[in-house]
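Read through the structure below, which is laid out as structure tokens, and then see the notes.
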Amino acid sequence: MLLMATVSTLASAAYDRNQAVPVEKVVYGQVESIKHVTQTQLVEDRNLGWKTFGGALIGGVVGHQFGGGSGQDVATVLGALLGGAAANQYGNSTRTLEYKLIEMMINLDDGTQVMVIQDLDPGMSFVAGDEVRVVYLKGYVRVDIAM
């Protein structure tokens, strides 16, 4: 039997609700097995430079409120340095996203098998033995309950 692995879009479908999309083909089959999978992805904040600049700007404004004459200038510079350093240290927001996926082995009506990994849709649960349709769209595959 032919085994083909296909990963669908992780976060969401590549189209919006009520939007027509071209379908390459639709095939029908039966779910043989299901495995729930969790995937984590590290996401780094790419706005770190702007946060550092903003922290320096706010720190400079606060520092400018203290002292007078050259003391005020020193307080402004010191506030800008401290604000920029604080924003750089605490503004680094690296976080992880967790995707809940479902891996399905599907026996197609033509006798072949496909494995599809797609995002878990709480509104559409699958169990072994379900009749499904495999929808091939441009660039990805989506499995739905057959209607």
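Computation of the quantities below employed the complete heavy-atom set of this structure, encompassing side-chain atoms and omitting hydrogens, waters and symmetry-equivalent molecules. Just so it is clear, the structure is predicted and the values come from calculations on it, not from any experiment.
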Shortest non-hydrogen contact from D119 toward I102: O-CG2, 4.3 Å

Of all heavy-atom pairs between Q113 and E32, which one has the smallest distance, and what is that distance?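 Smallest heavy-atom distance, with atoms named: NE2-OE1, 2.8 Å.
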
Using the side-chain hydrogen bond (donor to acceptor under 3.5 Å, both in side chains) criterion, which residues pair with D109? Sequence neighbours excluded. none

Residues in side-chain hydrogen bond (donor to acceptor under 3.5 Å, both in side chains) with E103, at least two apart? none

From [X] atom [atom1] to [Y] atom [atom2], the distance as rounded to the nearest 0.5 Å:
X    : Y    : atom1 : atom2 : result
H36  : M104 : NE2   : CE    : 9.5 Å
N107 : M105 : CG    : CE    : 8.0 Å
Q30  : I106 : CD    : CD1   : 10.5 Å

If we ignore hydrogens and angles and just use 3.5 Å, is the side chain of E98 paired with the main-chain N or O of T38 as donor and acceptor?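 Checked: no pair found.
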
Stepwise, does the side chain to side chain contact (heavy atoms under 4.5 Å, CB included) test hold for K25 with V141? CA-CA 10 Å; K25 72 177 179 176; V141 176; over 6 Å; no

Are any of the side-chain heavy atoms of V27 and D110 separated by less than 4.5 Å?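 Of all side-chain heavy-atom pairs linking D110 with V27, none is under 4.5 Å.
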
Name each donor-acceptor pair under 3.5 Å that joins a side chain in residues 120-135 to protein atoms two or more places apart or in another chain, with its distance.
unit_1 : atom_1 : unit_2 : atom_2 : d
D121   : OD1    : G123   : N      : 3.0
D130   : OD2    : V127   : N      : 2.9

